[in-house]
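Beneath this line is the structure, given in structure tokens, with notes to follow.
In what follows, chains are A, B, ... by sequence order, proteins preceding strands, each numbered from 1. Values below: all heavy atoms of this structure, side chains included; hydrogens, waters and symmetry mates excluded.
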Amino acid sequence: MTGEKSTGATDLVIESRVLTKEFRRGRSGRRGRTDSVLRAVDSLTVTIRPGEAVGYIGANGAGKSTTIKMITGILKPSTGSVLTCGLDPMRHRRDLARRIGVVFGQRSQLWWDLPLQESLRILGAIHALPPTRWQRRRDQLVERLDLAAFLDRPVRRLSLGERMRGELAAALLHEPELLILDEPTVGLDVLSKERLRVFLREENQGADGGPPRTMLLTTHDMDDVQRLCPRLIVVDTGRCVYDGDHAGLVARVGANRLLVIDLVDPVQELAGALAGLPVAVERTDDAGLRHTITFAPGEVSAGAVLDRVSAVAAIHDLSLSEPDIEEVVRRLYASSA
Amino acid sequence: MGDAHAYRVIMASRLRSQLAYPTSFAFDVVNQLVYGLIEFIELYAVFHNVDSLAGLGWSQALLVMALSRLAFQTGDLFVGHLDQMPAYLRQGTLETFLIRPLPVLAQVITSDISLRRVSRIVLFGGFTALALARLELTWTPAAVVLLLAALLGGSLITAAMFITAGTAQFWLIEGGEAANAFTYGGAYVAQFPAGVLPVGVRVFYTAVLPVTFIGYLPTVTLLGLADPLVPSWFGWLTLPVGLTFLTLSLAAWQFGVRHYQGGGG
């Protein structure tokens with residue numbers, strides 16, 4: 001596109017317009033060239049505002065990494081455009097690199113054979129951080145990511161969880177406006193994942209007195225998304241099939257919440273007590289102690305259901321499960337196919 | 001520029017890590033020197049059997065060899081690791097470079113300056129000095145300028161070869177071997193008096209891949225030798241040829257980076 005402003009008065013962190021990337025997979029054989037075109041990203045139009053935390057999800061090969069590479073200036077779009085922090089990523093790659101931090105879960109940007117703290121020192125020089133600012137920022141990250149114990153160890157000898165914390169420190173050292181994470185929790189154990197999520201949540205909300213940091217996160221792990229990202233963008237074979245919050249996604253595919261109630265005394269039938277509410281109820285055991293109630297979120301609250309039940313029977317225990325996002329996304333894929 | 005500081009920090013760190021294991025470093029250095037000595041012995045063995053090679057005597061041929069190797073090693077020191085481009089692309093190292101606020105080529109260059117290669121520069125510098133001493137030149141200012149321009153130009157030609165071969169990797173799959181034939185093959189040809197080559201081959205290695213400008217042509221000019229194919233002032237062209245070739249290779253590199261199609265993953 002011509003006439004684009006190079007440095008932006010725009011207040012959007014990411015703004016893509018019918019962004020498309022095609023790969024020509026040419027095979028030059030003896031019989032000449034046969035080209036097949038793969039459209040990895042197809043007419044993606046999204047905007048992300050400052051401070052948002054967006055989960056970018058989709059199956060393998062859905063086009064997530066390709067999108068990220070176009071946003072960061074690694075790949076040139078085939079057609080359409082994207083502005084990141086108001087900049088054209090291909091034309092202003094170096095300026096943009098000062099304002100974004102990127103973590104690729106499966107590749108390291110640390111120096112393999114050097115101690116972690118040496119990597120942080122080199123990155124400080126690469127980003128031309130003044131010594132005092134570098135020192136302050138480094139100390140913050142060392143403390144919050146708990147790096148002190150392995151700062152002196154060569155990166156190749158770090159565990160995956162330790163390395164990932166190091167990668168985050170590397171990506172956040174220059175205090176970028178936008179943090180892009182490509183599969184950040186892949187391969188981590190439960191505890192490491194949890195710590196990482198807590199940290200990312202704080203970053204997003206503006207840790208260390210800084211402004212909120214915009215986050216874009218691709219992942220396979222629906223827990224990541226559920227915990228970190230109020231907004232979801234779901235892509236399927238390069239196309240955006242959903243953009244909105246969790247509740248909207250659940251409503252879209254019609255997934256339900258599940259309330260399981262254990263009663264003090266057996267009741268054969270709860271349907272009468274719940275008459276008029278948009279719920280389905282089922283007795284789960286023969287005795288009539290356990291009942292399962294399903295309902296769509298947004299149509300009725302769990303509280304309203306409980307009020308009705310407790311009017312006819314004493315409740316001993318209960319559990320409420322939210323719709324499984326993974327299941328929801330699977331349904332979304334099925335419906336968009 | 002602020003960037004200069006970044007390169008200094010990167011390089012200092014790379015060099016320190018190479019010296020962190022002194023034994024292995026010493027072994028590398030010895031290894032490099034042995035390779036260099038073998039090249040010397042190779043040429044010596046030839047002259048043990050013949051008195052001249054394409055009209056050049058032992059000391060003259062030694063100058064061609066030493067000069068070309070010295071220039072090659074100097075270029076190689078800075079950009080030789082571009083022969084690792086297939087690995088950089090496959091492992092995504094290139095993408096890591098692309099998300100940093102420095103030019104990609106400058107990052108590639110500073111990522112792996114290998115100190116052990118300096119030993120070969122010293123060795124071939126020694127051979128150059130030996131050849132020059134045996135030739136008993138009269139040192140005019142013109143001769144000094146010619147020699148320095150040849151070294152600089154030859155290094156630039158070498159660098160351009162590596163950059164061109166590295167650029168080709170953006171489009172080739174598993175093209176490392178082809179690239180090595182281009183760079184190391186070209187460097188090998190550059191060691192010999194060009195007169196030993198068939199005319200067609202020689203034209204290729206002068207007009208297309210200009211490696212005869214690295215050692216042979218400056219030697220012809222410096223020593224006032226006669227060559228049946230080119231005028232004796234051709235040796236002055238090494239520096240302009242190097243600058244031109246380097247400019248073209250840098251343009252190709254820029255084009256390659258901008259049209260990078262991703263390393264998979």
### Task
With a 4.5 Å cut-off on heavy-atom pairs, point out which of A:D113, A:T72, A:L123 contacts chain B the most.
A:D113
Any idea which heavy atoms bring [X] and [Y] closest together, and the distance?
X      : Y     : value
B:P101 : A:A97 : N-CB, 3.6 Å
B:I99  : A:R93 : N-NH1, 4.4 Å
B:Y260 : A:L75 : O-CD2, 3.1 Å

### Which of B:Q91, B:Q107, B:R14 touches chain A most, by non-hydrogen pairs under 4.5 Å
B:R14
### Task
Rounded to the nearest 0.5 Å, what's the gap from OG1 on B:T93 to CD on A:Q109? Could you check?
12.0 Å
#### Entry: A:R94 CZ to B:L98 CG distance, which is reported to the nearest 0.5 Å
12.0 Å
### Task
Walk me through it: do A:M90 and B:R258 pass the test side chain to side chain contact (heavy atoms under 4.5 Å, CB included)?
CA-CA 8 Å; A:M90 286 305 286; B:R258 287 187 150 269; 4.3 Å; yes
### Message
If you count every heavy atom of other residues, nucleotides or ligands that lies below 6.0 Å from B:F127 atom CZ, does the total exceed 12?
### Response
yes
### Query
Within a reach of under 6.0 Å around CZ of B:F25, are more than 12 heavy atoms found that belong to other residues, nucleotides or ligands?
yes
Using non-hydrogen atoms only, which part of [X] is less than 4.5 Å away from chain B: side chain, backbone, both, or neither?
X      : result
A:I126 : both
A:T66  : neither
A:E118 : side chain

### Query
So which part of B:R8 gets closer than 4.5 Å to some heavy atom of chain A, the side chain, the backbone, both or neither?
neither
### Task
Evaluate the side chain to side chain contact (heavy atoms under 4.5 Å, CB included) criterion for residues A:K69 and B:Q261: first the C-alpha distance (whole Å), next the side-chain angles of each, then the deciding distance (0.1 Å), finally the verdict.
CA-CA 10 Å; A:K69 287 177 188 176; B:Q261 289 298 298; over 6 Å; no
### Query
Is the backbone of B:R100 close enough, under 3.5 Å, to the side chain of A:R98 for a donor and an acceptor to pair up by distance?
no
### Task
May I ask you to decide if B:T96's main-chain N or O and A:R107's side chain share a donor-acceptor pair within less than 3.5 Å?
no
